[in-house]
Each structure stands twice: as C-alpha cells, then as structure tokens.
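Okay, structure first, notes after.
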2 protein chains.
Amino acid sequence: MYSIGDVAEKMGISTSAIRFYDRKGLLPFVERDNAGRRKFKQNDLNFLEVINCLKKSGVPIKDIAHFIDLCMQGDGTLRERYDYLDHEEAALEQRIKKMKDQLDFLRFKKWYYKTSVEAGTEKIHFTPGTNVVNPGTKHQYQTALKNANDLYSLTNLNSKK
Amino acid sequence: MYSIGDVAEKMGISTSAIRFYDRKGLLPFVERDNAGRRKFKQNDLNFLEVINCLKKSGVPIKDIAHFIDLCMQGDGTLRERYDYLDHEEAALEQRIKKMKDQLDFLRFKKWYYKTSVEAGTEKIHFTPGTNVVNPGTKHQYQTALKNANDLYSLTNLNSKK
DNA sequence: GTACAACTTAAACCAAGGTTCAAGTCAACA
DNA sequence: TGTTGACTTGAACCTTGGTTTAAGTTGTAC
C-alpha cells in the first residue's frame with residue numbers, strides 16, 4: 001500500500017496532478033483508509049503506468065477516462081479495450097511520422113545555416129541582388145543529401161562551442 | 001504578394017492564428033498596404049514554413065519568436081541560429097525517442113488484450129485467486145517478443161471489424 | 001454610389017491541464 | 001498532550017494557444 005506522496009515520487013508526477021486525475025475519473029479504483037486518505041495498491045500502479053503512457057502519447061484526459069471506465073466493467077469490454085489501444089497505436093504512429101518530417105525539415109535548415117556560417121553570410125542562399133532565399137535552395141540540399149556519403153557532416157559544423 | 005486569407009489557405013492555418021502569431025512577434029517582417037492590410041511576400045512564406053515546423057515540433061511560441069528575432073538581425077547571428085536549430089534538433093530527437101517508448105508500451109498492452117480476448121477473460125493474466133495482474137506478465141511478453149517470427153501477429157487480432 | 005467581401009483592431013472568451021490556497025483532519029512522535 | 005507533517009477538500013488561479021466578437025475601414029464589382 002502506498003500513499004499519494006509515495007506514488008507521486010515513484011511515478012515522477014506531483015500529488016496535485018494525481019488528485020486532479022482522480023477528479024477527472026482516471027482513478028476510480030483507488031481506495032481510502034479510515035481517515036479518507038488514498039491508499040494505492042500494487043495493481044493501481046499498473047493502471048497509473050497505462051495512464052502515464054497514454055498521457056505522454058498525447059491522449060486527452062477524457063479519452064483516458066473512457067478507457068479506464070471500460071477497464072472497470074470487466075471481461076465484457078475486452079474487445080473494446082483492444083480496439084481502443086489499436087486505435088491509439090495508429091494515432092501515435094502517425095504522430096511519430098509527422099515528427100520525423102519536422103526533423104527532416106530542421107536538418108535542411110541546419111544545413112542552410114551551416115553553409116551560411118561557413119560562408120560568413122546568408123547571402124550565398126539569396127537570389128543575387130535581393131534579400132530573398134533562392135527558390136532552388138531546398139532542391140540543392142536534397143541533391144547534396146542524395147549524394148552525401150556522410151550524413152552527419154552534411155548538417156553539422158565541426159567546430160565545438 | 002499574398003493576403004492573410006491566401007496565406008491561411010496555403011499553410012492550412014486560420015487567419016486568426018496568423019494574427020495571433022503576429023501579435024506574439026513571430027511575423028515582424030510582414031508589411032502592410034495603404035489600408036493597413038498585411039501583404040505577405042514570397043520570402044515570408046519561407047519564414048512561415050520554419051515557424052510551422054517549430055510549432056509542430058512542440059517549440060513554444062516565445063522560443064520561436066526569439067529565433068525570428070535573431071533572423072532579423074542579419075549575418076551576425078548566423079552561428080547563434082545554427083546552434084538554436086541544433087538544440088531543437090536534439091530536443092525533437094529526444095521527443096521522438098520517448099514517443100517510441102510509449103509505442104512499445106502500447107504494443108505490450110495490445111498483446112495483453114489480444115491474448116485476453118482470445119482467452120475470453122482477463123483472468124489468464126491474473127495471479128490465481130486474485131484480480132491482480134501477475135507481475136511476470138510483462139516479462140512473458142518480452143520473451144514472446146524475442147522469439148516471435150511475426151511481430152505483427154503477436155499484437156494484432158486477426159478478425160476484422 | 002452603394003453594397004459586399006475581406007480585411008483591421010482590442011478585448012473578451014475558451015479549453016486543457018494542471019497548481020495554489022485556505023481551512024480542516026488525522027496519526028504518530030516527544 | 002501537544003505539535004508536527006502528510007494528507008483531505010473546494011475554489012480560485014495560472015499558462016498556453018488560440019477563437020470569437022464588435023466595431024470600423026477599404027477596394028472592387030455592380
């Protein structure tokens with residue numbers, strides 16, 4: 001049996017967050033002692049692990065509450081719970097894919113600034129006589145990326161600090 | 001030259017969001033016509049692309065505003081801008097890594113429910129005589145994962161719908 | 001020459017996800 | 001038998017990232 005403080009420390013979240021989750025219906029299984037204090041069982045920590053995972057995956061609290069509600073209803077909702085997790089898995093995979101696209105773009109921009117720093121000026125990427133980035137710049141990067149034998153040195157400056 | 005409505009449509013964001021970003025200092029380069037209307041130049045769209053990327057990467061607006069501020073100061077801040085993007089790249093890589101950890105956990109839980117659905121009851125994962133998940137369950141999954149020749153069928157139910 | 005659509009602003013509003021505060025309860029230790 | 005320290009609650013508050021509203025301006029099309 002763990003107190004709210006024990007759980008907060010174990011899970012790396014604040015006690016006020018735990019109480020907030022309880023209010024929002026995420027912790028209907030938590031029991032109380034005679035004084036009204038929350039007493040967490042070992043199995044409750046398993047639930048908290050799932051809740052934490054879903055939260056970190058970007059699932060809104062009310063959706064998590066729905067899943068917990070299914071869990072409380074017993075074997076009749078097993079298939080529904082499976083489908084729910086299947087759905088969240090696909091959503092998370094999509095989110096990861098989009099993050100990777102952002103990463104690709106960030107690396108393009110790093111290349112842009114790496115080459116600018118090396119040249120001492122951003123002008124090397126401007127259309128001559130303007131302050132406007134050459135429309136072919138991204139394509140130039142993609143070509144360099146295709147031909148690169150060392151991806152790391154394409155976007156990273158050597159000098160430390 | 002593009003109006004705020006054109007840009008909203010092109011970038012897939014609302015006009016009110018664009019005005020909000022402007023208020024927050026993300027669009028200091030945008031000029032106005034005689035009537036005070038925003039006129040976006042081609043190069044402004046490049047900036048919006050960067051802003052969008054950073055936003056989708058989870059960077060708070062005031063941090064983005066700082067980067068834009070550096071951009072406005074000319075070649076003297078090139079190195080600082082490179083370092084900034086290098087930092088955001090690392091942060092994004094970390095975020096992706098954590099998402100992948102959540103994905104691994106979600107798949108464990110899918111396996112848990114897949115096997116429960118197949119058995120018709122969650123009890124197969126409980127310590128006999130209790131309603132508590134067997135502490136060895138996760139290890140059991142990890143062993144199954146190691147020995148699996150078909151990762152997909154380990155966590156996915158066959159039946160459609 | 002007037003009506004309309006698209007723009008402008010400031011200010012109010014909203015939702016999510018908590019945190020903080022005030023007032024009170026309790027168990028254990030000295 | 002106090003006095004801590006950890007807990008309880010409801011209510012107020014906060015931040016982020018916008019959206020909505022109200023009132024006004026302007027260029028263009030009829």
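Per chain, numbering begins at 1; letters A, B, ... match sequence-line order.
Among the heavy atoms of the strands lying under 4.0 Å from A/Arg38 are primed sugar atoms or P, OP1, OP2 only; no base atom is included. Counting non-hydrogen atoms under 4.0 angstrom, A/Lys62 reaches the backbone sugars and phosphates but no base.
Of all heavy-atom pairs between B/Thr77 and B/Leu70, the closest is OG1-O, 2.7 Å. When every heavy atom of B/Phe47 is checked against every heavy atom of B/Cys71, the shortest pair comes out as CE2-CB, 3.8 Å.
Sorted by first and then second residue, the ring-ring contact (aromatic ring centres under 6.0 Å, His included) pairs involving residues 56-82 of chain A (not counting sequence neighbours) are A/Phe67-A/Tyr84. Under the side-chain hydrogen bond (donor to acceptor under 3.5 Å, both in side chains) criterion, the residue pairs touching residues 136-152 of chain A are A/Asp150-A/Ser153, with sequence neighbours excluded. Here side-chain hydrogen bond (donor to acceptor under 3.5 Å, both in side chains) pairs that include residues 8-27 of chain B, with residues two or more places apart or in two chains, are B/Ser14-B/Ser16, B/Tyr21-B/Lys55, B/Asp22-B/Arg38.
Overall bending of the helix from C/dG1-D/dC30 to C/dA30-D/dT1, expressed as the angle between end axes built from five pairs apiece, is 10° (10° steps).
Between B/Lys100 and B/Asp104, none of the side-chain N atoms (NZ, or NE/NH1/NH2) sits under 4.0 Å from a carboxylate O, so this pair counts as no salt bridge. A salt bridge is defined here as a Lys NZ or Arg NE, NH1 or NH2 lying under 4.0 Å from an Asp or Glu carboxylate O, and B/Asp101 with B/Lys98 fails to meet this definition. For A/Arg81 and B/Glu122, the salt-bridge test passes: some basic side-chain N is under 4.0 Å from an acidic carboxylate O.
For the segment residues 4-13 of chain A, the set of residues with a heavy atom within less than 4.0 Å of an atom of DNA chain D comprises A/Ile4, A/Gly5, in numerical order. Residues from residues 45-52 of chain B lying near DNA chain D, meaning a heavy-atom separation below 4.0 Å, are absent.
The closest side-chain donor-acceptor pair between A/Asn156 and A/Lys110 falls under 3.5 angstrom.
Side-chain contact between A/Phe126 and A/Val132: absent, with no pair of heavy atoms (C-beta onward) separated by less than 4.5 Å.
Every residue was checked against the side chain to side chain donor-acceptor pair (under 3.5 Å) condition with A/Asn52, not counting sequence neighbours, and none meets it. A/Gln73 pairs by the side chain to side chain donor-acceptor pair (under 3.5 Å) definition with A/Asp69, not counting sequence neighbours. Scored by the salt bridge (charged side-chain N to carboxylate O under 4.0 Å, His left out) test, B/Arg107 finds A/Glu89, A/Glu93 as partners (sequence neighbours excluded). Annotation: salt bridge (charged side-chain N to carboxylate O under 4.0 Å, His left out) contacts of A/Glu80 (sequence neighbours excluded): none.
Counting 5' to 3', DNA chain D first comes under 4.0 angstrom of a heavy atom of chain B and last does so at the ends given by D/dT16 to D/dG27.
Using cut-offs of 30° and 60° on the angle between ring planes, the pair A/Phe108 and A/Trp111 is parallel.
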Per-nt protein contacts along nucleotides 18-30 of chain C (heavy atom under 4.0 Å; B base, S backbone sugar-phosphate only, - none) come out as BBB-----BS---

